[in-house]
2 protein chains.
Amino acid sequence: MKKKTEDYRSKCPLSIALELIGDKWSLVIVRDLCMGKSKYGDFQSSPEGIPTNILASRLRELEENGIVTKEPYQDKPTRYAYFLTEKGADLLPVLQQLVVWTQKYVLDCLTPPESFFQVTPQDLLRKR
Amino acid sequence: MKKKTEDYRSKCPLSIALELIGDKWSLVIVRDLCMGKSKYGDFQSSPEGIPTNILASRLRELEENGIVTKEPYQDKPTRYAYFLTEKGADLLPVLQQLVVWTQKYVLDCLTPPESFFQVTPQDLLRKR
DNA sequence: TAATGTCACTTGCAATAAGCAAGTGATTCT
DNA sequence: AGAATCACTTGCTTATTGCAAGTGACATTA
């Protein structure tokens, strides 16, 4: 996990955000987590067809960056379920705005469920 | 410019948005355009130090995707200034949410000018 | 006038990352 | 015992990035 601001190409908050999540896959995983998916196979089965090695490395990076946490959901062999942290859940407004934008400009893309725009980051945090 | 929905890896609006602008540089250019920059050299001089070949190819892609337009600002040799289209200006809420998120979670990143959060997409369209 | 400079790129190439297919290990199911 | 499942990892090919240098059209300076 990057800790020092000096590690970033600039201190601009937009640029830093892009260094952390500015790629074609990270937010797809965050979307799936928002939709309640939590297991490796769940992410793999999304329609975008993320390659398995990329999925593994993105989950690792998201965890390193404090966006995701994992917890064992079974033993022998130990397997982990992934969840959004508060930091990760707070990406929801970003996702929502991206969806609003695409809905406005890209014909024939899917309309997400009404609930997607009503959910708040709080709602996404697993109750412990 | 991608026209058919079938060209995308899925019809999910989030995924499509990421295919269009999900990389480390495109939104940095959009940010610069929001700040009133318009010439090639302006983008080059931003603190992130975008490589010149990437800048040229991103400007081309952004234009192909209808996010920016270019207009000649001089002859001999003809040189172009770049501007946000309405589609591009409507990315502002996305940028704003990304900035809110980074400000909340990344210590020591810069605070954008107050005006950044007050501007609307309309304000970004050049008056003709 | 010749040389130097500026601006907006393009080109070549090495390094990095993405994507595909196959393999692995632990365990359960047949 | 053999086949299947799940969550990965490994190997390898292809695509993208990033760095450095080059190019072309003109303006400026010596």
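Since we're looking at a predicted model, the values are computed, not measured. So you know, we letter chains A, B, ... as the sequences are listed, proteins then strands, and number each from 1.
In the 5' to 3' direction, nucleotides of DNA chain D lying under 4.0 Å from heavy atoms of chain A begin and end at dC6(D) to dG11(D).
For the side chain to side chain contact (heavy atoms under 4.5 Å, CB included) test with Ile21(B), the passing option among Ile16(B), Leu91(B), Val30(B) is Leu91(B); the others fail.
Residues from residues 29-49 of chain A lying near DNA chain D, meaning a heavy-atom separation below 4.0 Å, are Lys39(A), Tyr40(A), Gly41(A) in numerical order.
Side chain of Thr85(A) to main chain of Gly66(A): a donor-acceptor pair is present (N/O by atom type, distance under 3.5 Å, no hydrogens or angles). With hydrogens and angles disregarded, a donor-acceptor distance shorter than 3.5 Å links the side chain of Ser45(B) to the backbone of Asp42(B). With hydrogens and angles disregarded, no donor-acceptor distance shorter than 3.5 Å links the side chain of Lys37(A) to the backbone of Phe43(A).
Taking the screw axis at each terminus of the helix from dT1(C)-dA30(D) to dT30(C)-dA1(D) from five consecutive base pairs, the angle between the two is 10° to within rounding of 10 degrees.
When every heavy atom of Leu110(A) is checked against every heavy atom of Cys12(B), the shortest pair comes out as CD1-N, 4.4 Å. In this structure, Thr69(B) and Glu63(B) approach most closely via the heavy-atom pair CA-CG, 4.5 Å. Here the closest heavy-atom approach between residue Leu27(A) and residue Leu14(B) is recorded as O-CD2, 3.4 Å. Looking at every heavy atom in both residues, Tyr82(A) comes nearest to Leu33(A) through O-CD2, 3.3 Å. In terms of heavy-atom proximity, Pro13(A) sits nearest to Thr102(B) at O-OG1, 3.0 Å. Between Glu19(A) and Ser10(A), the shortest heavy-atom contact is OE2-N, 4.4 Å.
Rounded to whole Å, atom P of dA8(C) lies 16 Å from atom CG of Asn53(B). Rounded to whole Å, the distance from CZ on Arg60(A) to C1' on dA17(C) is 14 Å. Between Lys24(B) atom NZ and dT16(C) atom P there is a gap of 16 Å when expressed in whole angstrom units.
For the pair Lys11(B) and Pro47(A), the minimum side-chain heavy-atom distance is 4.5 Å or more.
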Would you list the protein and nucleotides 27-29 of chain C atom pairs, both N or O, that sit under 3.5 Å from each other?
none

N/O donor-acceptor pairs under 3.5 Å from side chains in residues 92-101 of chain A, not counting sequence neighbours:
| residue | atom | partner | partner atom | Å |
| --- | --- | --- | --- | --- |
| Gln96(A) | NE2 | Phe116(A) | O | 2.9 |
| Gln96(A) | NE2 | Val119(A) | O | 3.4 |
| Trp101(A) | NE1 | Lys87(B) | O | 2.8 |

Could you list the donor-acceptor pairs under 3.5 angstrom formed by side chains in residues 49-62 of chain A, with sequence neighbours left out?
| residue | atom | partner | partner atom | Å |
| --- | --- | --- | --- | --- |
| Thr52(A) | OG1 | Tyr40(A) | OH | 2.7 |
| Ser57(A) | OG | Ile54(A) | O | 3.2 |
| Arg58(A) | NE | Asp23(A) | OD2 | 3.1 |

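Look at Trp25(A) and you'll find a side-chain N or O under 4.0 angstrom from OP1 or OP2 of dG19(C).
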